[in-house]
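Remember, it's 1-based here, ligands and their atoms both numbered in the order they're listed. Note: hydrogens, waters and symmetry copies are ignored here, and every other heavy atom, side chains too, is used.
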Amino acid sequence: MTLGSFASPGIDSKRRATPLPRPIANMKIFTPDTSIASDVIPSANFGERNKGRVPDMVLLHYTGMPDAQGAIAQLCTAGTDVSAHYIVLEDGRIVQCVPEAKRAWHAGVASWAGEDDINSCSIGIEIVNRGHDWGYPEYPLRQVAAVIALCRGIMLRRNVPSHRVLAHSDVAPSRKKDPGEKFPWHSMANSGVGHWVQPAPIVRSEGLKIGTDNDAVRGLQQALARYGYGVPVTGKYDTVTMEVVTAFQRHFRPAKVDGVADHSTLATLQSLLASLPVETTAVATG
Ligand SMILES: [Zn+2]
């Protein structure tokens, strides 16, 4: 048997790259902020950052649409009122649509650490993935690698701390699920992107849930708010609290996303808080 008999065209050699839509004719091409962006497709949808706010957050999304071309068209065409700074395709190509200095429109109604103009303080990355409504496939490794490289560059250029690389669902827990529990935050953290601790093991426990009304719920809400989540401290485990716990689990305890604050969820939250930089805690509680 010769080596040649093992040779067969790899899937990669057959795979055609997704053709990108052409930039809209009257949109001015700009120089990308990073050399790892292979394409620029300028979006018509952006503005100025309010009060010259300098971005110090990276917000990750999935596109949640059946295909990449449709998502790119949606994010770049005038009148849709949505955009993002970057789109990361499944094959790892990075397209820039809005210059980092400008305010892209990706967060919508959102809040984090007391701030609610998230578009002004963040850089938005749309990761091409059909999302929960269309079968929610795994994120391919090469796409994750591209997101890591892109985030690392932004963190360096913009001085973004790890704990401010967040999911859309973190800042808009009542409305959004993206990039969802399949997004490999642990892999990101292994490459220095994002704040992560090993989730505490899931054990049989009662857990706080809808209807619970006591000091333990108040403590949970205070801890979530201290981390940055927009949750009123009422002592009542209401719908908002359940949605925030669900968002927390999608990001930090993805093995079980059920909106119940069990022992594992509470312990994971406590160890995240304990590993925040000291000055952050002071700001968040001040
Ligand atoms: Zn989103």
Student: Does the distance from a Lys or Arg side-chain N to an Asp or Glu carboxylate O, for D178 and K176, drop under 4.0 Å?
Tutor: no
Student: Taking side-chain contact (heavy atoms from CB on, under 4.5 Å) as the test, write out the residues that go with D117, two or more places apart.
Tutor: N50, R103, N119, S120
Student: With clusters built from Ile, Leu, Val, Met, Phe, Trp and Tyr whose side-chain heavy atoms come within less than 4.5 Å, directly or transitively, what are the remaining members of the cluster of I72, listed by chain and number?
Tutor: L20, I41, L75, V82, I87, L89, V95, V128
Student: Kindly work out whether a path of hydrophobic side-chain contacts (I/L/V/M/F/W/Y, heavy atoms less than 4.5 Å apart) joins Y86 to M65.
Tutor: no
Student: I need the protein N, O or S atoms closer than 2.8 Å to the Zn ion (ligand 1), given as residue plus atom name.
Tutor: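 Near the Zn ion (ligand 1), below 2.8 Å, one finds H61 ND1, H168 ND1, D178 OD2.
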Student: Other than F30, what residues sit in its cluster of Ile, Leu, Val, Met, Phe, Trp and Tyr side chains whose heavy atoms are under 4.5 Å apart, directly or through others?
Tutor: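 Traced through the cluster, F30 reaches I29, V40.
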Student: Please determine whether a side-chain nitrogen of the Lys or Arg among E115 and R164 lies less than 4.0 Å from a carboxylate oxygen of the Asp or Glu.
Tutor: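 A salt bridge links E115 with R164.
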